[in-house]
2 protein chains.
Amino acid sequence: MHVDHDSAVPPYLQLAEILRKRIESGELSSGARVPSITYLMQETGLARNTVRRAIEVLVSEGLVTVRQGWGTFVA
Amino acid sequence: MHVDHDSAVPPYLQLAEILRKRIESGELSSGARVPSITYLMQETGLARNTVRRAIEVLVSEGLVTVRQGWGTFVA
DNA sequence: CACCATTTGTTCGTATGTATG
DNA sequence: GCATACATACGAACAAATGGT
């Protein structure tokens, strides 16, 4: 899991794309838990808000659902 | 234009609601320019990112369109 | 019940990049 | 070049919800 800060594609979109592919490939199937924000921060080196933004992209696409205090899950 | 930090409704949703009503009431009609982020920051006392978040809500609702370097306009 | 760890939610202040006129 | 306006990102702090001890 790696994002390129020098890319023309902003990091939050790169991360969204990474997660999207993991979902569409079936690596993360329906109902599966998406890695936590904290974990994704550590894995990618991105800030919390940036990770959240990536997740919000997936939420707006209907790919995942988020529940406060619980986690993020593949729809 | 006023947001209440003690409200259960987060400021970014309060601002989104304020702008939504100004659009739906016709005070801001189609094609009209939405006040700039800087202006809304000064008017509401909110931070830049918070104002942007409110606008993103309206964008996701299709009420406004944003053009970088130009401005935000009622759809 | 209280307490705590985990996880998501919101906001702030700041900095820098990009686009338009 | 400059001013304005939006775009992205960082780091920090605290709130709220959940689940387990």
Side-chain angles (χ1 to χ4, degrees), chain A residues 1-20 22-23 28-75, chain B residues 1-20 22-23 28-75:
Chain A
M1 189 147 26
H2 175 263
V3 296
D4 178 10
H5 280 264
D6 295 329
S7 168
V9 179
Y12 82 96
L13 286 182
Q14 290 181 51
L15 176 55
E17 179 66 12
I18 290 171
L19 294 175
R20 190 184 299 112
R22 291 180 64 180
I23 293 172
L28 289 174
S29 54
S30 182
R33 183 188 214 101
V34 176
S36 75
I37 293 177
T38 304
Y39 176 84
L40 291 173
M41 286 172 62
Q42 295 169 341
E43 282 293 308
T44 62
L46 297 176
R48 174 183 194 74
N49 289 344
T50 307
V51 172
R52 281 210 73 251
R53 219 172 150 181
I55 293 177
E56 281 176 6
V57 171
L58 302 179
V59 170
S60 69
E61 292 172 348
L63 286 177
V64 304
T65 57
V66 182
R67 297 185 192 177
Q68 184 174 358
W70 190 0
T72 303
F73 303 85
V74 179
Chain B
M1 189 143 29
H2 176 261
V3 296
D4 178 11
H5 276 75
D6 296 328
S7 169
V9 180
Y12 83 96
L13 286 181
Q14 289 181 50
L15 176 54
E17 178 66 13
I18 290 171
L19 294 175
R20 189 185 300 113
R22 290 179 64 178
I23 293 172
L28 289 172
S29 54
S30 183
R33 182 187 214 101
V34 176
S36 74
I37 292 177
T38 303
Y39 176 84
L40 291 172
M41 287 171 63
Q42 296 169 341
E43 283 291 308
T44 62
L46 297 176
R48 175 179 200 75
N49 289 345
T50 306
V51 172
R52 267 196 45 76
R53 233 182 136 174
I55 292 177
E56 280 175 8
V57 171
L58 302 180
V59 170
S60 70
E61 292 173 347
L63 285 178
V64 304
T65 57
V66 182
R67 298 184 191 177
Q68 184 175 358
W70 191 359
T72 303
F73 305 86
V74 179

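Chain A is the first sequence line, chain B the second, and so forth, proteins listed ahead of strands; every chain is numbered from 1.
Within the structure, ring pair (Phe, Tyr, Trp, His ring centres under 6.0 Å) pairs that include any residue of residues 31-53 of chain B do not occur (at least two apart or interchain). Each salt bridge (Lys or Arg N to Asp or Glu O under 4.0 Å) pair with one or both residues in residues 52-75 of chain B, not counting sequence neighbours, appears once here: A/R53-B/E56, A/E56-B/R53, B/R20-B/E61, B/R52-B/E56.
Both B/V34 and A/P10 lie near DNA chain D, and the one whose nearest nucleotide falls closer to the 5' end is B/V34.
A sub-4.0 Å separation between OP1 or OP2 of D/dT8 and a side-chain N or O of A/H5 is absent. Using a 4.0 Å cut-off, no side-chain N or O of B/T72 falls inside it from OP1 or OP2 of D/dA5.
Atom-to-atom, CZ of B/F73 to P of D/dA5 comes out at 10 Å; the value is rounded to the nearest Å. Rounded to a whole Å, the CG atom of A/L13 is 11 Å from the C1' atom of D/dA7.
Between its two ends, the helix from C/dA2-D/dT21 to C/dG21-D/dC2 turns its axis by 10°, counting five pairs per end and rounding to 10 degrees.
Closest of all the heavy-atom pairs between B/A75 and B/G62 is CB-O, 3.4 Å. Closest approach of B/R33 and B/G71 over heavy atoms only: NH2-CA, 4.0 Å. Among all heavy-atom pairs drawn from B/V3 and B/T44, the shortest one is CG2-O, 4.0 Å. Across all non-hydrogen atoms, the minimal contact from B/A16 to B/L58 is O-CD2, 3.6 Å.
With a cutoff of under 4.0 Å to any heavy atom of chain A, the contacted region of DNA chain C is bounded 5' to 3' by C/dT7 to C/dC12.
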- Assign a letter to each nucleotide of nucleotides 12-21 of chain D from its 5' end: B, base within under 4.0 Å of a protein heavy atom; S, sugar-phosphate only; -, no contact. BB--BBB---
- After noting the C-alpha distance and the side-chain angles of A/L15 and A/I55, does the key distance pass the side chain to side chain contact (heavy atoms under 4.5 Å, CB included) rule? CA-CA 8 Å; A/L15 176 55; A/I55 293 177; over 6 Å; no
- Walk me through it: do A/I37 and A/M41 pass the test side chain to side chain contact (heavy atoms under 4.5 Å, CB included)? CA-CA 6 Å; A/I37 293 177; A/M41 286 172 62; 4.1 Å; yes
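Remark: B/S7 engages B/D4, B/V9, B/Q14 in a side chain to side chain contact (heavy atoms under 4.5 Å, CB included) (not counting sequence neighbours). Every residue meeting the ring pair (Phe, Tyr, Trp, His ring centres under 6.0 Å) condition with A/F73, not counting sequence neighbours, appears here in chain and number order: A/W70. Scored by the side chain to side chain contact (heavy atoms under 4.5 Å, CB included) test, A/V34 finds A/V64, A/T72, A/V74 as partners (sequence neighbours excluded). Partners of B/T38 according to the side chain to side chain contact (heavy atoms under 4.5 Å, CB included) rule, which considers only residues two or more places apart in sequence or in another chain, are B/S36, B/Q42, B/R48.
Atom CG of A/L63 and atom CZ of A/R22 lie 13.5 Å apart (nearest 0.5 Å).
For the segment residues 36-46 of chain A, residues with any heavy atom less than 4.0 angstrom from an atom of DNA chain C are, sorted by number, A/S36, A/I37.
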